[in-house]
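I have placed the structure first, in the form of C-alpha cells, so that the comments after it can refer back to it.
If you read the sequence from its start, that first residue is 1, and numbering goes on from there.
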Amino acid sequence: MLSDRSYLIALFIGLLLLVQACKSDSMLEEPPTETPTGLFYATGTLTPLAPGLDTVQFAYRSGEEDPWGNTVVASTYQDYVNFAPYKSLIGQLRQPAIPIFSIGVQSLNEIAANQLEWTWTEPEVSDLLVPGDTLSIGYGPGQAILGINHPVFQYPTGPLYTLPEENEQGFSPLGKGRIIIRSVEPYSATAYEVTRAGLRVKAAFRGRLNGVLGQPDYWAEGEAVLFYEY
C-alpha cells in the first residue's frame with residue numbers, strides 16, 4: 001500500500017502528465033512555423049509604375065516586426081484550387097493576419113481532378129527548385145507567382161500579385177518578370193512538437209505587381225530566402 005504522502009505525489013504526477021498531454025494536443029492544432037531572426041527574409045524595392053509616387057524599400061525578416069507591428073514567421077502553404085490542374089507550393093513570410101511575402105511554384109505535372117490529396121514529395125520539390133534555374137511568371141507547369149504586401153499599397157487585406165499577362169517581354173518598361181533560384185539546401189525545424197522538413201531556398205525575384213482597387217502597378221525586385229516543406 002502507498003502511504004498518504006506517496007499517494008498524493010503519484011496523483012500529482014498523473015495530473016501533471018494529463019495536463020501536458022492535453023496541452024500538446026492543443027498546440028498541435030497550430031501550424032508549425034520557424035521564427036529565428038533573419039533565417040528567412042525578403043528584401044527589395046517597389047517602384048510604382050505611375051508618375052508622382054516614390055520608390056519604396058522593404059525588408060521582412062523572420063522573428064522581426066513587420067510594418068504593421070506583427071512578428072514575421074516563415075511557413076509553407078499548399079494551394080490545390082487556384083492553379084488547377086497544377087498544384088502549387090507557396091513559401092511565405094507571414095504575420096498572424098495575412099501573408100506579406102510569397103513565391104508560389106507550380107508542379108511540373110498535372111494532377112488528376114479526382115485526386116483529393118495533392119501532397120508533395122521530396123523529389124518533386126527538389127526537381128522544381130534547382131539552383132541556377134529561372135522560373136517564368138505564369139499559371140502552368142514549373143511557373144511561379146510572386147506576392148507582396150506593404151502599407152504603401154493601402155490594401156490591408158492581402159498582398160498584390162504578379163499576373164502572367166503583365167510580366168511578358170515588352171509589356172513592362174522594366175523587363176520580364178522572373179524568379180531565379182540562387183541556392184537550395186535541406187532544412188528542418190521543430191515547433192509545437194512537430195518536425196517539418198523541406199528546403200531553404202534563396203531566390204532573386206523581379207516582376208510587375210498587379211494594382212487593385214484603383215492603385216497603380218508596382219515593379220518589385222529583390223532577394224528572398226523561403227522555406228518549402230515536403
Separation of [Y] [atom2] from [X] [atom1] (nearest 0.5 Å):
| X | Y | atom1 | atom2 | result |
| --- | --- | --- | --- | --- |
| I148 | I100 | CD1 | CD1 | 10.5 Å |
| H150 | L46 | NE2 | CG | 6.5 Å |
| L209 | T162 | CG | OG1 | 7.0 Å |
| L226 | L129 | CG | CG | 10.0 Å |
| E229 | S75 | CD | OG | 9.5 Å |
| L163 | L146 | CG | CG | 11.0 Å |

* **Selection residues 129-143 - residue pairs positive for salt bridge (charged side-chain N to carboxylate O under 4.0 Å, His left out), sequence neighbours left out** => none

* Sequence neighbours left out, what passes ring-ring contact (aromatic ring centres under 6.0 Å, His included) with F83? Give chain and number order. => Y139

* **ring-ring contact (aromatic ring centres under 6.0 Å, His included) against F205, all qualifying residues, sequence neighbours excluded** => F101

Mind checking what makes side chain to side chain contact (heavy atoms under 4.5 Å, CB included) contact with [X], not counting sequence neighbours?
| X | value |
| --- | --- |
| P67 | Y60, P151 |
| Y41 | T43, R61, K202, E223, V225 |
| L128 | V105, L108, W120 |
| Y77 | D79, I90, Q92 |

* V184 and Y228: CA distance, side-chain angles, deciding distance, side-chain contact (heavy atoms from CB on, under 4.5 Å) verdict -> CA-CA 10 Å; V184 175; Y228 292 87; over 6 Å; no

Where is the tightest heavy-atom contact between [X] and [Y], given as atom of each residue plus distance?
| X | Y | result |
| --- | --- | --- |
| G138 | P164 | CA-CG, 3.4 Å |
| N149 | P99 | CB-O, 4.1 Å |
| Q106 | G140 | OE1-N, 2.7 Å |

Quick check on the hydrophobic clustering: are [X] and [Y] connected, directly or via other members, by side-chain heavy-atom contacts under 4.5 Å?
| X | Y | answer |
| --- | --- | --- |
| V56 | L53 | yes |
| I180 | V125 | no |
| Y230 | V201 | yes |

* Test side chain to side chain donor-acceptor pair (under 3.5 Å) on Y80 and Q78 and set out the steps. => CA-CA 6 Å; Y80 309 139; Q78 298 183 26; 2.5 Å; yes

* **Side chains of L160 and V212 in contact at under 4.5 Å (non-hydrogen atoms)** => yes

* To do: Mind running side-chain contact (heavy atoms from CB on, under 4.5 Å) on L93 and S102 for me, showing each step along the way?
  => CA-CA 6 Å; L93 297 175; S102 65; over 6 Å; no

* Y218 and V152: CA distance, side-chain angles, deciding distance, side-chain contact (heavy atoms from CB on, under 4.5 Å) verdict -> CA-CA 10 Å; Y218 283 83; V152 71; 3.7 Å; yes

* Residues T71, E64; criterion side-chain contact (heavy atoms from CB on, under 4.5 Å); working and verdict -> CA-CA 5 Å; T71 300; E64 296 184 359; over 6 Å; no

Looking at [Y], is its backbone amide N or carbonyl O close enough to the side chain of [X] to form a donor-acceptor pair, meaning the two atoms are under 3.5 Å apart?
| X | Y | answer |
| --- | --- | --- |
| T76 | F227 | yes |
| D217 | G211 | yes |
| S62 | V72 | no |

* Structure fact -> Sequence neighbours excluded, the answer for salt bridge (Lys or Arg N to Asp or Glu O under 4.0 Å) partners of E221 is R206

* Structure fact -> Those residues at least two apart in sequence (or on a different chain) that pass salt bridge (Lys or Arg N to Asp or Glu O under 4.0 Å) with E124 are K87

* Only pairs at least two apart or in different chains count here, so list each side-chain hydrogen bond (donor to acceptor under 3.5 Å, both in side chains) that has a residue in residues 47-59. => T45-Q57

* Structure fact -> For R178, the side chain to side chain donor-acceptor pair (under 3.5 Å) test, sequence neighbours excluded, returns none

* To do: With sequence neighbours left out, write down each residue that passes side chain to side chain donor-acceptor pair (under 3.5 Å) with N70, or none if nothing qualifies.
  => Q95

